[in-house]
Amino acid sequence: MKRYTAFSMCTLMALMIASPAMAQGTATGPSTAHTADSANQAGYAGGPNDLINGPGPYPIDLDVGGLPWRKAFAADPATGYFSGGSFNLFEEVINVGTESWDGWVENLIPGAIGAAWLGVSDIRVNGVSIAFNTTITGSLLTVDGFSTLVLPGDTLELDKQMFTTANVIGPGNAVTLLSIQQFPIPEPASAALIGLGGLMVLGKRRADRSVG
């Protein structure tokens, strides 16, 4: 019975490690600042329109043990005005790691403007639109089931929409409009290897204890 219980616990923990929800980090855990485009009610993370972190795609390396990428969007101090309504978010990142991605997770943290996810209009890998699944649960946005995996070296672009409920009056109000924490999801094969690695580590620890 004890052997069966130990095996079950190891298997369960391996599956937990392999699940997308556990892949909550990047290798560097970057924290970046972005100036929102008040004229177009939009924000840009990576790419030519990101005047702070662009013009190329922003580098992201998946790491289960790391922290998520944390982004903060602030109002332009020269204009500062945002009206309630739609807010479009455009992201362009490059996979600089060794694992392939099958999805992307974002946790929205409203700041000066109340905000909620509306949806995802398009996702592109190396400039080509792909099929995907979208799930919105409160502040959490998950896109997965990519019809084309994001391989190491590939560029991923995501076009997303939010609904905002408050105004920020400017100029001079360089306040944080909203923040987002996000990370990629590994493809199933990579996730299985991560889980197998966890199972092997747990098994070795159990064997070491038996020898001792």
Side-chain angles (χ1 to χ4, degrees), residues 17-36 42-74 87-109 117 119-136 139-162 176-195 197:
I17 294 172
S19 69
M22 294 299 291
Q24 297 186 28
T26 63
T28 59
S31 181
T32 55
H34 308 262
T35 300
Y44 305 93
N49 292 311
D50 185 343
L51 302 181
I52 300 176
N53 306 283
Y58 194 81
I60 292 294
D61 181 1
L62 171 73
D63 185 346
V64 174
L67 294 172
W69 176 20
R70 293 154 292 177
K71 307 193 308 291
F73 289 88
F87 183 85
N88 297 311
L89 179 60
F90 303 97
E91 296 178 304
E92 184 175 341
V93 300
I94 182 170
N95 182 354
V96 296
T98 58
E99 302 90 358
S100 299
W101 305 345
D102 184 48
W104 193 258
V105 177
E106 307 208 10
N107 185 30
L108 173 62
I109 305 171
W117 294 113
V120 181
S121 59
D122 192 25
I123 294 180
R124 298 174 297 282
V125 176
N126 298 328
V128 179
S129 295
I130 65 171
F132 55 92
N133 302 317
T134 302
T135 304
I136 299 175
S139 64
L140 202 65
L141 169 69
T142 302
V143 286
D144 57 12
F146 286 0
S147 60
T148 298
L149 294 176
V150 184
L151 303 177
D154 284 351
T155 296
L156 174 68
E157 296 175 82
L158 306 102
D159 300 348
K160 291 159 287 185
Q161 296 75 42
M162 304 175 196
T176 298
L177 300 173
L178 54 89
S179 300
I180 299 174
Q181 297 183 356
Q182 60 190 65
F183 51 89
I185 300 173
E187 65 154 322
S190 296
L193 288 175
I194 294 172

Given 3.5 Å as the limit, does a donor-acceptor pair link the side chain of T26 with the main chain of L67, or not?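 A pair under 3.5 Å: yes.
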Which atom names give the shortest non-hydrogen contact between [X] and [Y], and what distance separates them?
X: A42; Y: F90; answer: CB-CE1, 4.1 Å
X: G97; Y: N95; answer: N-OD1, 3.0 Å
X: I109; Y: Q181; answer: CD1-NE2, 4.0 Å
X: L62; Y: P186; answer: CD2-CB, 3.6 Å
X: R70; Y: G29; answer: NH2-O, 2.6 Å
X: V143; Y: I185; answer: O-CD1, 4.2 Å

Report the relative orientation of the aromatic rings in F73 and F87; use parallel for angles under 30°, tilted for 30 to 60°, perpendicular for over 60°.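 Aromatic pair F73/F87 classed perpendicular.
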Are [X] and [Y] side-chain neighbours, meaning at least one heavy-atom pair lies under 4.5 Å?
X: W101; Y: V93; result: yes
X: M162; Y: L178; result: yes
X: L141; Y: T134; result: yes
X: D61; Y: E99; result: yes

Compile the donor-acceptor pairs under 3.5 Å between side chains in residues 45-59 and protein atoms, sequence neighbours left out, one pair per line.
unit_1, atom_1, unit_2, atom_2, d
D50, OD1, I52, N, 3.1
D50, OD1, N53, N, 2.9
D50, OD1, N53, ND2, 3.4
D50, OD2, H34, ND1, 3.2
D50, OD2, G46, N, 2.8
D50, OD2, N53, ND2, 3.2
N53, ND2, A33, O, 3.0
N53, ND2, H34, ND1, 3.2

With rounding to the nearest 0.5 angstrom, report the [atom1] to [atom2] distance, [X] to [Y].
X: T28; Y: W69; atom1: OG1; atom2: CH2; result: 10.0 Å
X: S139; Y: L108; atom1: OG; atom2: CG; result: 6.5 Å
X: D159; Y: R124; atom1: CG; atom2: CZ; result: 4.0 Å
X: D144; Y: N133; atom1: CG; atom2: CG; result: 5.5 Å
X: I123; Y: L158; atom1: CD1; atom2: CG; result: 4.5 Å

Please report, to 0.1 Å, the donor-acceptor pairs under 3.5 Å made by any side chain of residues 145-154, with sequence neighbours excluded.
unit_1, atom_1, unit_2, atom_2, d
S147, OG, A131, N, 2.9
D154, OD1, N126, ND2, 3.0
D154, OD2, L151, N, 2.8

Will you find, in the side chains of D122 and S129, an N or O donor that is under 3.5 Å from an N or O acceptor? yes
Evaluate the criterion side-chain contact (heavy atoms from CB on, under 4.5 Å) for residue pair L89 and E106; output intermediate values, then yes/no. CA-CA 12 Å; L89 179 60; E106 307 208 10; 4.2 Å; yes
